[in-house]
Structure formats: structure tokens, C-alpha cells
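Here is the structure we will look at, set down as C-alpha cells.
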Amino acid sequence: MTLETAEETNRSFRSFLPRALAGKCPACGEAKLFRSFLKPVDHCPKCGEAWHHHQADDFPPYIVILLLGHILVPTMYEVNTAFDVPYEWQIPIWITLTAVLALAMLQPVKGAVIGYQWARRLHGFGEEVVE
């Protein structure tokens, strides 16, 4: 296996996604990717990969909203079909469940977006051009 092939294997979907979803560095999988809830570290302390130039922006919240809609709407429909829960109880239940799921999903999704950008060499994660 050549160095380039090893590098491509390291940047494959199977290798970076579990590490990024776990909040670890997508490159080495050893150090934390985030220094606070949604703020990534500038550089990985283990492998030295720079993370300051990622451009995740609003894409992770968009993905979370899309996923929550696909999870909660059918769940609400099934609960209302199967049980006779008063609406006064459902409102706080669904709002709380939505907030908890959104907060639980946001950091792993942002890690996955940053990992995807790194794996595909987007937004400054590509090879350095030497002239």
C-alpha cells in the first residue's frame, strides 16, 4: 500500500465518520475535536491537523432540523393515533423532546460535517501547493 493509498483510506467515509460523530479528531481519532459545545479546536494536539478553517456554518443545524422533522412528525402522528393523550400534556412533552434531541444531535452532526470537509479536501483541507 502506497502512502497516497494509505492517506486515501484514512480519509474514507468509513474511517472519519465514526470518529467525527464521537467528537474526536477525524484525522487521527485520538484528541477531542471540540474545545466547547460547538467550537472546534484550532489544531489537533495529537496529529497537528488544523481545524480553524472549516466552513460548517449553518449546515449542521439544517441537517438536525431535517432529521428531527422526519423523526418527530411520524412519532407525533403515531402517538395521537394509538393513545388518547390530552393536548395540554403533549405540548410540553414534544417541546422538551425536540429541544433535547436537537441539542444531543447538533455536536455530532457538526463533527460529521467538518470531517466530511476534511475527507473531501474542501475549504483549505486540501494538499498544499508548492511552487
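What's counted below: heavy atoms across the whole structure, side chains too, no hydrogens, waters or symmetry copies.
- In the hydrophobic clustering of this structure, Met76 groups with Phe83; members are Ile, Leu, Val, Met, Phe, Trp, Tyr whose side-chain heavy atoms approach within less than 4.5 Å, directly or through other members.
- Here the closest heavy-atom approach between residue Trp118 and residue Phe16 is recorded as CZ3-CB, 3.9 Å.
- Put simply, Val73 and Val85 are part of two different groups of oily side chains (I, L, V, M, F, W, Y) that touch within less than 4.5 Å, one to the next.
- Of all the heavy atoms in Leu38 and Pro40, the pair that sits closest is O-CD, 3.3 Å.
- Counting all heavy atoms, side chain and backbone alike, Ser15 lies closest to Arg19 at O-NE, 2.8 Å.
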Review item, side-chain donor-acceptor pairs of residues 24-34, under 3.5 Å, at least two apart:
none

Using distance only, find each side-chain donor-acceptor pair of residues 52-60 under 3.5 Å and give its atom names and separation, not counting sequence neighbours.
from	atom 1	to	atom 2	distance (Å)
His53	ND1	His123	O	3.2
His54	ND1	Ala56	N	3.1
Gln55	OE1	His123	ND1	3.0

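- Every pair tested for side chain to side chain donor-acceptor pair (under 3.5 Å) that includes a residue from residues 59-75 fails, sequence neighbours excluded, so the list is empty.
- Within the structure, side chain to side chain donor-acceptor pair (under 3.5 Å) contacts touching residues 88-108 (residues at least two apart or in different chains) are Asn80-Gln90, Gln90-Trp94.
- Tyr77 shares a hydrophobic cluster with no other residue; no ILVMFWY side chain has heavy atoms under 4.5 Å from its own.
- Of all non-hydrogen atoms in Leu17 and Ala112, the two that sit nearest each other are CD1-CB, 3.8 Å.
- Judged as a salt bridge (Lys or Arg N to Asp or Glu O under 4.0 Å), and not counting sequence neighbours, the contacts of Asp42 are Arg35.
- Residues Val64 and Ala102 come closest through the heavy atom pair CG1-CA, 3.9 Å.
- Under the 4.5 angstrom side-chain criterion for Ile, Leu, Val, Met, Phe, Trp and Tyr, Val100 has no cluster partners at all.
- Transitive grouping of hydrophobic side chains (ILVMFWY, heavy atoms separated by less than 4.5 Å) keeps Ile65 and Leu97 in distinct clusters.
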